[in-house]
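Numbering of residues begins at 1 and proceeds along the displayed sequence. Please read all numbers here as calculations on a predicted model, not as lab measurements. Side chains included, hydrogens not; waters and symmetry mates left out as well; all remaining heavy atoms used.
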Amino acid sequence: MGLLGLGLLNSFGDLPLPDQIGVAIHASLLLLLLFFVSARRVLSCAFRRAPMFKDDRRSPVGDHPDAEHHRVVVGYWFKIAVCCCFYNLLVQVVDLCYETARLIGSQVDSRNYSVLYLPSVQALSWLFLGLSTMHCRFKVLQKFPFLIRLWWFLSFLLCMYTAYVDAKGVVAGSFSISSHAIANFAATPAIVIIGVVSVRGVTGLELYRDHGDLQEPLLAEEEEPGCLRVTPYGNAGIFSLVTMSWLSPLLSIGAKRPLELRDVPLLAPNDRAKTTYKILNMNWERMKAENPVKQPSLAIALFRSFWKAAALNAVFAGLNTLVSYVGPYLISYFVDYLSGNIAFPHEGYILAIIFFSAKLIETLTTRQWYLGVDILGMHVRSALTAMVYRKGLRLSSTARQSHTSGEIVNYMAVDVQRVGDYSWYLHDIWMLPLQIVLALAILYKNVGIASIATLVATIISIIVTIPLAKMQEEYQDNLMTAKDERMRKTSECLKNMRILKLQAWEDRYRLKLEEMRSVEFKWLQKALYSQAFITFIFWGSPIFVAVITFATSILLGGQLTAGSVLSALATFRILQEPLRNFPDLVSMIAQTKVSLDRISGFLLEEELQGDATIAVPHGLTSTAIEIKDGEFCWDPFSSRHTLSAIQLQVQKGMRVAVCGVVKISGSTAYVSQSAWIQSGNIEENILFGSPMDKQKYKNVLHACSLKKDLELFSHGDQTIIGDRGINLSGGQKQRVQLARALYQDADIYLLDDPFSAVDAHTGTELFMEYILTALASKTVVFVTHQVEFLPAADLILVLKEGHIIQAGKYEDLLLAGTDFSVLVSAHNEAIESMDIAESSSEDSAGTDHISISGGIGKRLTSSPSIADGMNNESLENAPSPDIKAIKEKNKAKQEERERGRVSFKVYLSYMAAAHYKGTLIPLIILAQTAFQVLQIASNWWMAWANPQAEGDKTKDEHSFFVFVRAVLVATFGLAAAQKLFVKMLRTVFRAPMSFFDSTPAGRILNRVSVDQSVVDLDIPFRLGGFASTTIQLLGIVEFIVSIQKSPIIHLFGESIAGAATIRGFGQEKRFMKRNLYLLDCFSRPYFYSLAAIEWLCLRMELLSTFVFAFCMALLVSFPHGTIDPSMAGLAVTYGLNLNARLSRWILSFCKLENKIISIERIDQYCQIPSEAPPVIENSRPPPSWPNNGEIELINLKARYKESLPMVLHGITCIFPGGKKIGIVGRTGSGKSTLIQALFRLIEPADGKILVDNLDISTIGLHDLRSRLSIIPQDPALFEGTIRINLDPLEEHTDHEVWQALDKCQLGDVIRHKVQKLDTPVLENGDNWSVGQRQLVSLGRALLKQAKILVLDEATASVDTATDNLIQKIIRTEFEDCTVCTIAHRIPTVIDSDLVLVLSDGRVAEFDSPQRLLEDKSSMFLKLVSEYSTRSSSMSDTGNWKHDPM
């Protein structure tokens, strides 16, 4: 075989040069094409790709459902191309036949078979080209595949070159006529035409769809919108995949203008989150089922799900590793050749071709390998994120208590990201041994037995890191735990920022977060410094290995030649990459293991019982709800259940009222007590995923009294609601919730105290229109504190201490006495307290009582009510700017993004963040430069010096500079990260309330979680490899990526908060679908940003490969002796690394650009405008201020934003010190705005507020808010203990805290708890009832003992008895204080000293309640009448009741 090969090679050398070139080009292209064809099946299976050659703009007939109605019109260019190919085939076949016949006729000994090479290769080539061209007809391609066009063009150039050589021979007289020359002459016209076709590229094929006589071209010029176009990667041909030309159309758009998300095509179906999630979930569930006792391994589940992609990737990685060692292996032969030791003819050129081929294969496989691991990481991230999200929706109440929403966001934002990033290190585990074996084999060839010393030195280098790896894992574990704690507290602070500002606690909680960060920072320091030490060991290890190897070789008396030394050096250089990456691998394995354990632990948490509720098909039973021996609890380990021995049967169509405090969830339509509103517009919240039915929608708005509210919004039901419905009033949120439930048209409605947050008139209207009319035929179970609604119920359940103590109808329960009658009598007392002073206005009272007992029921339903008249006065004349302002002021803004490349200012801001440590940058550069210079110098010395000299023994100095650089980088990075974090945290906490109203919490959490993580761990080491260039496109794409992540985190937090509502409506699937859609929105630009980096690296590497090949060709062309073989060999050893260095430089810069965006995003949050200063030193109020508590409003005007209309229109009045002021008015009248102006959550546009004659705008915000007290509508508790919740500033003694608890009636409850004042409070206070939370808020006010107390709808969520109790405590304990009370419940304000009635942001009335009630035209009298009539009107609704169905 060897002799035959040598003979062929020699006979090939006898051919003329044009024939040699022709055979080489055609044979190479033919082999390349055959390789693609043979590899097609493997690759198409792995990549899910279609045919071999496809251009990006394709339209296969078969893809159309009505393919039989399509007609392909073949243009003349296509016909010409096919004819030319087969004409050339005919010419070459004739030439081949002629030469074969001539050979057969000649003597055997004189036969020269080389004459058959050219015609046979060309005949095969033109046959293949002709068939490939015909193939385009069946695929209806608009353009010929690139490889065919390239082949045609090279054939044209070859033909021209051959014609030129022949013509030159004719002129010189040396031309001899041959069949090849005649064949070339005959083929020239056809090849020239083919050359033109190759340049044009267009096939001339058109696809038409027949419509009778009409014909419509399918391949129209107009582009599909990006959001509908699937990525060309999904159907790219092999050549397109290898060269990554499928990406070019998008890059050409990006070069012309900044990219938008709609420009980015959709992912291929197999790359979408839904597909990857289904595969992983199936394997995870299968593993859980296979062995229920053993804890399943998430790592194994991931392996089973994605092993095929990983295996294909391993092929590229393995091939890349093998060819990377070809260069080091051949360098010794190359140096020998340059030294004059020539082994065979043309050795130099053959070596150059092998070097070039190896580098080319290495370049192509590297890019496929890297893109493959990136896509694999994307699949893992999408699947795991979806798994964590789904788990979050299904968590049981017990499991939910042990994982806060901040923690769950961390699983998704940090842990999932880390597991996905591990794909980069996936193959390093098995590749490192392979690389060591290959290196040892080459070294054995060069240095003999001394290679054993290499193996020993390498093993020592690896063993040293094992304890360091364990240490790294421990640090990472502690770091993540600390990060979780900080995220948990940050999430809680963001949710309750309004409370923190109102209570002047923001500084205290900010300091808590800074303390948590300092704990996290301690572990971060340890992690980064240990990483620096590992880096030092491994940058030094190749040097250490080289010293040991050469020293051993010299000691053993081995003969080192320049060739063997250079070969060894090239081998060490390749080996140092995996060894240098080993610390990253160790660190990444540690981090990934921690993250996998955390995610796995979360996925194995207890879920809600799926079989707890049995759904009975329609028509089989008349019972809607049945509970037998029900035992319900929030905590399964608690000795006492929340609900015990529950026996309940509810018939279809019944209305069931539950008195007492209970939370029911998990049924068909559920309205929770604490409203859960999604970010988005009002229409989306009401439809909740159902299709729009205009008439039904209209009826729902009417039943929920939402029509008037929508009229007041300038955008109607398209008004954007802020995070958690923050820019809606409590009543509006509750009515949107009710509308959402009603629109679902469920069979059973569970309503948890739906009327607590609305005023008397709206509550009555809701009860009539919603429960008695809209839900007349439905089964309704409602929990309520409003006793006046109970007569309309078919069944009333009275709960006490978790047991149903009474059940029956209203009249029956009243007769029975006990607890129910206590509730009713408390309500009656409240009504009686409002009795109008009969002595002063008997007539008016009498008239009112007649109207009350007479036709009020009729009037509420048939004729315009008092309320409508009042609305006409106050609202219809002009739309209320209060509502309009609140709605408009805080529409959630789109997340900001800079366009183009990341500004250099961002880098400067990062460097400046480290203050004096910014001076470390020159030292870092100096250390790195010293390392590189010394390394090059020592390599040059090794190549130049006497081979026997032990000149390499001093080499280990360089690694010292690496250690210096690594420590300096870590120190600099830590300082900058901490400074940025503290600056961002302080700026966010000092931001005005409008910022939190308009910015979803998920977006802020993204900054403090994902972006901070990048700044902490990634950027310091990315900056280590910093190099400057302008890659604008990648910056743009990456920005789209980072912005697409916030919605995922936001939906996450929102869904976990509303999990009960989502489950109650059975909407888990829709939310899961939404999450998968958002994941794909994130993955699309992410995928393209990765591909763009690889596209650029590929082209840069190809350029360097061709430069390298050209230099090699030059070196072998020089006459022997003109160049020093050692220096040429050294140049080649560096040249072998040129393409890898170039791509690593680009890659590290791209990654740095991508990561530095985190600094830009954090920097944006460091520039948020602050509210007024907390303290103004030269304008501080006296310590005793306010000692009287008088509030004077002078022409007060306020708006939420400069661009919005006024909400308060010149309010002027005085609240005397020590008096009780009631503030009432319809929704949108400006009540809450007035309170916000008092606390300076919004600043006055004009006028001023004086408190004890001191203008509050002249003092600091902390000085103001710390002297005022408020009990807000939504009672917020913080995670921690009862003591911390009452006194977070720790200003009071335990005795004072107990006194406050006793006064607010919680003392006995807390004393019964084991931990007393240290009784735990879970996130959001979930383990305390709403009433108890409100009493804790009262306890805070009692401790603060401020001279001014504001109650903002403070008793809306509690029953009448608790309301009466709170009012009694306030009357007693705050006797000398100014108390301003906003309330919907009239009894709450009826005993005030003064009542302020607001309408449309103006003072409508301000006087004592008695005097206002004496005035028949008083608005206050109308409000009182409405409330006091509600009970009697509800009694009349007994007539409304219908029989159960």
Side-chain angles (χ1 to χ4, degrees), residues 2 5-6 9 24 28 318-366 434-448 450-451 454 542 546 549-550 553 558-578 939 942-943 947 1101-1102 1104-1118 1120 1123-1141:
L6 201 63
L9 203 62
S28 300
L319 186 58
N320 180 272
T321 304
L322 290 172
V323 295
S324 68
Y325 280 90
V326 170
Y329 180 78
L330 293 178
I331 275 185
S332 58
Y333 294 107
F334 187 71
V335 173
D336 289 347
Y337 170 78
L338 292 178
S339 303
N341 302 327
I342 301 169
F344 53 88
H346 308 299
E347 183 190 2
Y349 289 107
I350 289 168
L351 282 172
I353 288 166
I354 294 171
F355 269 114
F356 169 66
S357 304
K359 291 312 292 177
L360 187 64
I361 293 169
E362 186 186 341
T363 296
L364 297 175
T365 52
T366 303
L434 175 65
Q435 286 167 317
I436 291 169
V437 167
L438 289 171
L440 288 172
I442 295 170
L443 287 169
Y444 184 75
K445 180 180 83 73
N446 292 309
V447 295
S451 58
T454 312
T549 305
F550 289 132
S553 181
Q559 181 65 37
L560 287 174
T561 64
S564 61
V565 167
L566 288 169
S567 181
L569 284 175
T571 307
F572 289 138
R573 185 167 290 115
I574 289 184
L575 188 60
Q576 75 185 12
E577 278 311 310
N939 287 344
M942 282 297 294
E1101 282 197 30
L1102 284 173
S1104 72
T1105 301
F1106 283 112
V1107 169
F1108 174 69
F1110 176 72
C1111 293
M1112 289 285 289
L1114 275 181
L1115 286 173
V1116 298
S1117 301
F1118 287 139
H1120 291 294
I1123 190 165
D1124 182 353
S1126 298
M1127 291 302 105
L1130 185 62
V1132 171
T1133 62
Y1134 278 104
L1136 284 171
N1137 256 19
L1138 178 66
N1139 60 346
R1141 294 279 170 201

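- Note that CD1 of Ile350 and CG of Leu330 are 12.0 Å apart. Values are rounded to the nearest 0.5 Å.
- Residues satisfying the side chain to side chain contact (heavy atoms under 4.5 Å, CB included) test with Ala1109, not counting sequence neighbours, are Phe356.
- Evaluation of the side chain to side chain contact (heavy atoms under 4.5 Å, CB included) rule for Leu434 yields Thr321, Trp430, Leu438 as partners, not counting sequence neighbours.
- Summarising the geometry, atom CG belonging to Leu319 is positioned 9.5 Å from atom OG1 belonging to Thr366; distances are rounded to the nearest 0.5 Å.
- Judged as a side chain to side chain donor-acceptor pair (under 3.5 Å), and not counting sequence neighbours, Tyr444 has no contacts.
- Side-chain contact check for Leu360 versus Leu1102: some heavy-atom pair is nearer than 4.5 Å.
- Using a 4.5 Å cut-off on side-chain heavy atoms (C-beta onward), Ile331 and Phe355 make contact.
- The side chain to side chain contact (heavy atoms under 4.5 Å, CB included) test applied to Tyr329 returns Tyr333, Ile442, Lys445, not counting sequence neighbours.
- Rounding to the nearest 0.5 angstrom, the gap separating the CZ atom in Phe1106 from the OG1 atom in Thr363 is 9.0 Å.
- The CD1 atom of Ile354 sits 14.5 Å away from atom NZ of Lys359, with the distance rounded to the nearest 0.5 Å.
- Taking the side chain to side chain contact (heavy atoms under 4.5 Å, CB included) definition, one finds that Asp336 meets it with Asn341, sequence neighbours left out.
- Scanning for side chain to side chain donor-acceptor pair (under 3.5 Å) contacts around Thr549 gives Thr454, with sequence neighbours left out.
- A search for side chain to side chain donor-acceptor pair (under 3.5 Å) contacts involving Ser324 returns nothing, not counting sequence neighbours.
- Remark: Tyr325 engages no residue in a ring pair (Phe, Tyr, Trp, His ring centres under 6.0 Å) (not counting sequence neighbours).
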